[in-house]
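Only one structure is covered here, and it is reproduced in the block below.
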Amino acid sequence: MEVEKGKGTDVSDVQGEDDLDEEPGEEIESAPPLKVGEERELGNSGIKKKLLNNGIHWETPEFGDEVTVHFVGTLLNGIKFCSTRDNGEPMTFKLGEGKVAKGLDNGITTMKKGERVLFTLPPDFGYGAEGRDGVPPDSIVQFDVELLSWITVVDICKDGGIIKKIMEKGERNERPSDLDEVLVKYQVALADGTIVAKTPEEGYEFYVKDGHLFPALTKAIVTMKRGDKVKLIVQPKYAFGDKGKEATDGFPSIPPNSVLNVELELISFKPVIDVTGDSKVFKKILKEGEGALVANEGAAVTISYIAWLEDGTVFERKGVDGEQPLEFITDEEQVIPGLDRAAATMKKGEQALLTVSPEYGFGSVVAERDLAVVPPSSNLVYEVEMLDFVKEKAPWELNNQEKIEAAGKKKEEGNILFKDGNYQRAGKKYDKAVDYVSEDGLFQDDEQKQIKALRISCWLNGAACSLKLSDFWGAIQLCSKVLDFESHNVKALYRRAQAYMKTSDLISAEMDIKKALEADPQNREVKLLQKTLRQLQIESNKRDAKLFTNMFARMSKRSSMPIKKLKVEIAEPEKSEEAAATERECVAEPSTPSEDRMAVDQS
């Protein structure tokens with residue numbers, strides 16, 4: 001049964017906002033929920049909503065969704081003009097397409113599943129000046145509506161190419177990403193119902209980024225939650241286009257330009273994480289761990305694993321088949337970098353499959369392991385379980401004295417690494433040390449001197465690491481932090497000047513060297529650096545002089561060309577092109593002295 005729409009009602013009328021000061025229901029969202037028997041106007045529309053029975057959950061349908069309702073329409077005097085309850089058949093329609101009175105469309109978008117409501121619609125949102133059978137013109141009408149259910153309809157690509165109807169919602173909110181491995185079940189049919197593709201009963205597993213069957217599948221899957229069941233209407237450009245598909249695996253062919261109907265279920269998916277951010281170490285989670293905490297850098301971890309090469313050769317086992325599990329501290333280079341970095345992201349009880357590129361494995365060398373030799377430049381696979389971990393205490397978990405001691409310890413660890421030439425890890429140790437003593441307000445007066453000395457020492461050492469790693473801007477920033485506390489700290493001025501020279505900022509370098517020599521006139525290293533700076537300045541001046549000389553020579557040559565050409569044409573119009581060219585070269589010679597003087601001025 002269809003409820004006739006009012007005069008002039010169409011999709012744009014229903015979905016537009018020009019007719020209302022605000023979208024119906026907008027005010028309700030910020031107001032207290034209606035109580036049974038209570039009536040309220042929806043925005044300033046004149047539509048009134050009276051709650052007869054509460055619904056369940058909190059979701060409400062949106063324009064574009066397919067709703068199934070029972071309703072009874074009456075005039076204010078109680079005379080009934082339409083009803084779905086008379087024949088016991090509810091009505092299903094898409095909100096916003098003008099299938100019912102505009103006010104009814106708008107009102108249903110405020111209802112929860114199972115809710116029963118009495119809507120009172122003014123003429124503009126009912127049947128207007130024309131009325132309908134059983135409804136006089138300009139009548140106020142009422143609808144007793146029960147929202148039985150609805151199907152969320154989504155235009156995935158916003159072009160009508162893939163329409164998704166959510167038939168059954170999953171229980172969790174996670175959606176798969178392009179890297180994840182998904183397990184799906186589907187059935188694909190033509191418009192006439194012919195089945196042209198179908199998964200086995202247990203489903204089909206693939207990586208989203210690899211795609212499967214036709215583009216619409218992966219585009220839809222990344223919008224779905226675990227456990228979602230949907231129906232898709234797929235236009236040809238997102239299916240098999242104008243080429244179609246040949247018969248295969250016992251299924252018939254798909255004709256060119258076929259619209260496909262797809263029933264799709266996302267059974268589950270295994271999240272895949274790019275651990276290092278450069279696609280060199282991937283972690284596929286086989287089993288979720290406990291809680292939210294992960295083993296961060298500096299944690300003492302206990303893991304079990306089996307490790308093998310791409311050809312299946314197992315080269316190491318720990319914690320399985322009678323072997324003892326492996327215990328190590330993350331970020332201490334006690335295991336290969338790929339395993340180290342991945343372990344720091346795992347929860348207790350988590351099981352994961354790691355794929356590790358040679359850069360984060362054993363590199364280009366031969367590695368002799370317990371069960372086999374790992375050839376150079378080998379890709380590695382680890383199936384790992386995080387049995388347990390103890391996280392390194394964070395600064396906020398320590399008292400002041402413990403923070404100072406922890407900072408001192410990190411600094412010493414950094415010093416050892418620096419002496420060994422491991423500047424990257426040394427720099428991280430210095431950063432961690434500063435983290436422990438970064439809050440001024442938490443320390444007493446007698447502790448301030450200690451933490452200031454620790455910070456300055458770690459910043460200076462960190463700057464030395466940055467210089468070694470050619471991170472010159474990092475060195476400048478760290479030295480600047482020191483100079484904010486001690487404006488004439490010679491080490492900070494010296495190292496910042498080094499960094500400025502590497503970035504060709506010779507003026508800033510000269511200023512820092514000058515200040516350093518004011519503080520320590522006899523400092524040998526600073527004097528040597530000053531000598532190097534002067535040599536760089538001389539070379540820079542020479543380059544500048546040459547640059548300007550060439551630039552002005554080109555400018556002078558270009559400006560003299562039209563005059564010379566004119567002189568040649570007037571004096572000797574019968575000369576050949578070759579002779580004219582020779583003449584032009586001769587005429588150009590007088591400009592050379594002025595160019596030389598310019599170059600001298602610029603130097």
Side-chain angles (χ1 to χ4, degrees), residues 1-6 9 14-15 20 22-127 132-135 139-153 165-169:
M1 179 178 185
E2 181 172 305
V3 180
E4 295 177 10
K5 57 188 178 181
T9 302
V14 175
Q15 294 181 327
L20 301 174
E22 57 190 349
E23 192 74 22
E26 182 177 335
E27 187 175 288
I28 302 300
E29 290 177 4
S30 59
L34 279 173
K35 297 178 181 178
V36 173
E38 185 179 358
E39 186 174 55
R40 180 182 295 157
E41 184 177 353
L42 301 183
N44 297 319
S45 63
I47 301 171
K48 293 181 181 179
K49 174 183 177 180
K50 182 177 182 180
L51 183 62
L52 304 179
N53 283 323
N54 282 313
I56 58 174
H57 307 307
W58 55 270
E59 301 99 329
T60 58
E62 299 177 357
F63 287 114
D65 292 349
E66 288 186 359
V67 297
T68 300
V69 298
H70 265 309
F71 60 81
V72 177
T74 61
L75 303 177
L76 288 180
N77 59 14
I79 296 176
K80 181 169 63 176
F81 59 85
C82 65
S83 174
T84 62
R85 294 192 183 275
D86 290 348
N87 58 15
E89 291 291 330
M91 179 178 178
T92 297
F93 61 95
K94 184 178 287 189
L95 290 175
E97 290 194 343
K99 299 294 186 183
V100 297
K102 181 166 64 171
L104 192 56
D105 253 346
N106 291 327
I108 290 172
T109 64
T110 71
M111 297 179 68
K112 303 179 182 72
K113 183 177 180 180
E115 190 173 308
R116 186 177 164 211
V117 166
L118 180 66
F119 288 114
T120 302
L121 309 182
D124 287 346
F125 287 91
Y127 299 102
R132 57 152 284 178
D133 291 343
V135 180
S139 293
I140 296 173
V141 294
Q142 292 183 318
F143 281 95
D144 181 336
V145 182
E146 181 182 4
L147 178 58
L148 302 176
S149 64
W150 77 87
I151 297 170
T152 300
V153 180
K165 298 181 180 182
I166 302 177
M167 310 305 295
E168 187 176 322
K169 292 186 177 181

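- Residues T60 and W150 share a closest heavy-atom pair of C-CZ2, 3.7 Å.
- In plain terms, the two heavy atoms of V72 and S83 that are nearest each other are CG2-OG, 3.5 Å.
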Go through E115 and K113 one step at a time and tell me if the salt bridge (charged side-chain N to carboxylate O under 4.0 Å, His left out) criterion holds. CA-CA 5 Å; E115 190 173 308; K113 183 177 180 180; over 6 Å; no
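- With D65 contributing its side chain and E62 its backbone, the two residues share a donor-acceptor pair below 3.5 Å.
- Note that CD1 of I151 is 7.5 Å distant from OG1 of T92, once rounded to the nearest 0.5 Å.
- Side-chain contact check for V145 versus L104: some heavy-atom pair is nearer than 4.5 Å.
- Remark: K49 fails to qualify as a cation-pi partner of F119 under the 6.0 Å distance and 45° angle criteria applied to the six-membered ring.
- Side chain of S139 to backbone of V141: no donor-acceptor contact under 3.5 angstrom is found.
- When side chains are defined from C-beta on, K94 counts as touching V153, because their heavy atoms get closer than 4.5 Å.
- A 4.5 Å side-chain heavy-atom check between K50 and Q142 finds every atom pair outside the cut-off.
- Side-chain contact between I47 and T120: absent, with no pair of heavy atoms (C-beta onward) separated by less than 4.5 Å.
- A donor-acceptor distance shorter than 3.5 angstrom exists from the side chain of D105 to the backbone of G96, with no hydrogens or angles considered.
- Counting heavy atoms from C-beta on, the side chains of N106 and F125 come closer than 4.5 Å.
- The two residues T84 and V69 make their nearest non-hydrogen contact at OG1-O, 4.2 Å.
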Go through the steps for T109 and L95 under the test side chain to side chain contact (heavy atoms under 4.5 Å, CB included), then give the verdict. CA-CA 8 Å; T109 64; L95 290 175; 3.9 Å; yes
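- A distance below 6.0 Å separates the ring centres of F143 and F81.
- To the nearest 0.5 angstrom, E59 atom CD is 8.5 Å from T152 atom OG1.
- Rounding to the nearest 0.5 angstrom, the gap separating the CZ atom in R116 from the NE2 atom in H70 is 11.0 Å.
- With a 4.5 Å cut-off on side-chain heavy atoms, P61 and I108 count as touching.
- P90 and L148 make their closest contact through CB-CD1, 3.6 Å (heavy atoms, listed as atom of the first residue, atom of the second, distance).
- Here the shortest heavy-atom pairing between M91 and K99 reads CE-O, 4.5 Å.
- Across all non-hydrogen atoms, the minimal contact from L147 to K112 is CD2-O, 3.6 Å.
- Applying the side-chain contact (heavy atoms from CB on, under 4.5 Å) test between T110 and each of L42, L34, V117 identifies L42 as the sole match.
- Here the CE atom belonging to M111 is positioned 8.5 Å from the CG atom belonging to L51, to the nearest 0.5 angstrom.
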